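Have a look at the structure below before the remarks.
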Amino acid sequence: QVQLVESGGNLVQAGDSLRLSCAASGRTFSLGTMGWFRQAPGKEREFVAGIRWSDSYTYYTDSAKGRFTISRDTAKNMVYLQMNGLKPEDTAVYYCAARGGFSIATTGALYDYWGQGTQVTVSS
């Protein structure tokens with residue numbers, strides 16, 4: 001089992017930056033890839049960014065490219081999502097997810113472990 005705990009969500013203004021953190025514990029040696037998803041009220045959960053644990057290869061959804069950066073610290077078992085230039089449409093609960101596969105999946109159902117989520121609210 002792998003446990004994931006997110007932190008860093010907050011209420012910010014449009015244009016601000018925020019860094020989300022995800023702490024992984026448990027059987028972290030089994031991690032292949034990790035991802036950040038988000039879910040806005042009344043909308044489906046959507047993929048934001050993913051990173052491969054072994055070589056830090058990353059993949060982003062179009063809305064995140066150029067504004068968000070995903071990174072990982074294998075020594076600390078941490079994954080981060082640096083978000084710059086935040087927009088009101090980025091408002092959502094952000095979830096960290098992990099899977100054993102080595103390809104970055106954009107479908108939530110392919111992830112084995114999930115955190116509890118952290119709220120990001122961007123005011124205009």
Side-chain angles (χ1 to χ4, degrees):
Q1 292 287 333
V2 174
Q3 294 78 43
L4 303 174
V5 178
E6 303 97 333
S7 62
N10 210 337
L11 169 63
V12 296
Q13 293 186 335
D16 284 352
S17 297
L18 204 58
R19 188 177 83 155
L20 304 182
S21 300
C22 175
S25 61
R27 297 171 61 91
T28 55
F29 60 84
S30 67
L31 293 177
T33 55
M34 296 187 71
W36 284 97
F37 288 76
R38 67 186 182 186
Q39 186 166 21
K43 295 187 177 181
E44 293 187 354
R45 181 178 57 194
E46 64 174 354
F47 172 84
V48 176
I51 189 166
R52 192 155 55 205
W53 198 249
S54 59
D55 61 5
S56 204
Y57 173 81
T58 58
Y59 182 79
Y60 299 89
T61 191
D62 287 344
S63 62
K65 288 178 183 177
R67 297 191 301 130
F68 295 1
T69 302
I70 187 172
S71 62
R72 58 86 170 113
D73 185 331
T74 55
K76 297 180 179 179
N77 290 328
M78 297 288 294
V79 174
Y80 305 98
L81 184 67
Q82 176 68 41
M83 303 186 294
N84 299 326
L86 283 162
K87 305 174 182 179
E89 51 263 44
D90 295 317
T91 295
V93 177
Y94 283 72
Y95 297 92
C96 176
R99 64 190 294 262
F102 291 98
S103 60
I104 297 176
T106 60
T107 303
L110 296 177
Y111 286 79
D112 303 306
Y113 307 102
W114 291 84
Q116 82 290 349
T118 186
Q119 177 70 48
V120 173
T121 303
V122 185
S123 64
S124 58

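This structure is a prediction, so every number in the text was calculated from the model and none was measured. Worth knowing before you read on, the calculation uses all heavy atoms, side chains too, and leaves out hydrogens, waters and symmetry mates. The chain is numbered in sequence order, starting from 1.
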Inset, instruction - Side-chain contact test, heavy atoms from C-beta onward, threshold under 4.5 Å: evaluate it for Trp53 versus Arg72 and give yes or no. - result: yes

Legend entry - Phe68 vs Thr61 side-chain heavy atoms within contact, under 4.5 Å: no

Under 3.5 Å, is there a donor-acceptor pair between the side chain of [X] and the main chain of [Y]?
X	Y	result
Thr91	Ala40	no
Asn10	Val12	no
Glu6	Gln116	yes
Tyr111	Ala105	yes
Arg99	Leu110	yes

Inset, instruction - Over all heavy atoms of both residues, which pair between Leu31 and Met34 is shortest? Give the atoms and the distance, please. - result: CD1-SD, 3.9 Å

Legend entry - Residues, nucleotides or ligands: over 12 heavy atoms within 6.0 Å of Gln3 CD: yes

Approximate separation, where rounding is to 0.5 Å, of [X] [atom1] and [Y] [atom2]:
X	Y	atom1	atom2	result
Met78	Asp73	CE	CG	8.0 Å
Cys22	Tyr95	SG	OH	13.0 Å
Arg52	Thr58	CZ	OG1	9.5 Å
Leu4	Ser25	CG	OG	7.5 Å
Thr118	Arg38	OG1	CZ	14.0 Å

Legend entry - Centroid-centroid distance, Phe47 to Tyr60, less than 6.0 Å: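 Between Tyr60 and Phe47, which both carry aromatic rings, the centre distance is not below 6.0 Å.
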
Inset, instruction - For residues Trp114 and Phe37, establish whether the separation of their ring centroids is below 6.0 Å. - result: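 Ring centres of Phe37 and Trp114 closer than 6.0 Å.
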
Inset, instruction - Kindly determine whether Ile51 and Ser56 satisfy side chain to side chain contact (heavy atoms under 4.5 Å, CB included), including the steps that lead there. - result: CA-CA 6 Å; Ile51 189 166; Ser56 204; 3.4 Å; yes

Inset, instruction - Give a yes-or-no answer on whether the side chains of Gln119 and Thr121 include a donor-acceptor pair shorter than 3.5 Å. - result: yes

Inset, instruction - State whether a side-chain donor-acceptor pair under 3.5 Å links Tyr80 with Arg19. - result: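 No, Arg19 and Tyr80 have no side-chain donor paired with an acceptor closer than 3.5 Å.
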
Legend entry - Any pair counted as disulfide bond (SG atoms under 2.5 Å apart), so long as it reaches residues 37-88, sequence neighbours left out: none

Legend entry - Sequence-distant partners of Arg67, salt bridge (Lys or Arg N to Asp or Glu O under 4.0 Å), two or more places apart: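 Asp90.
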
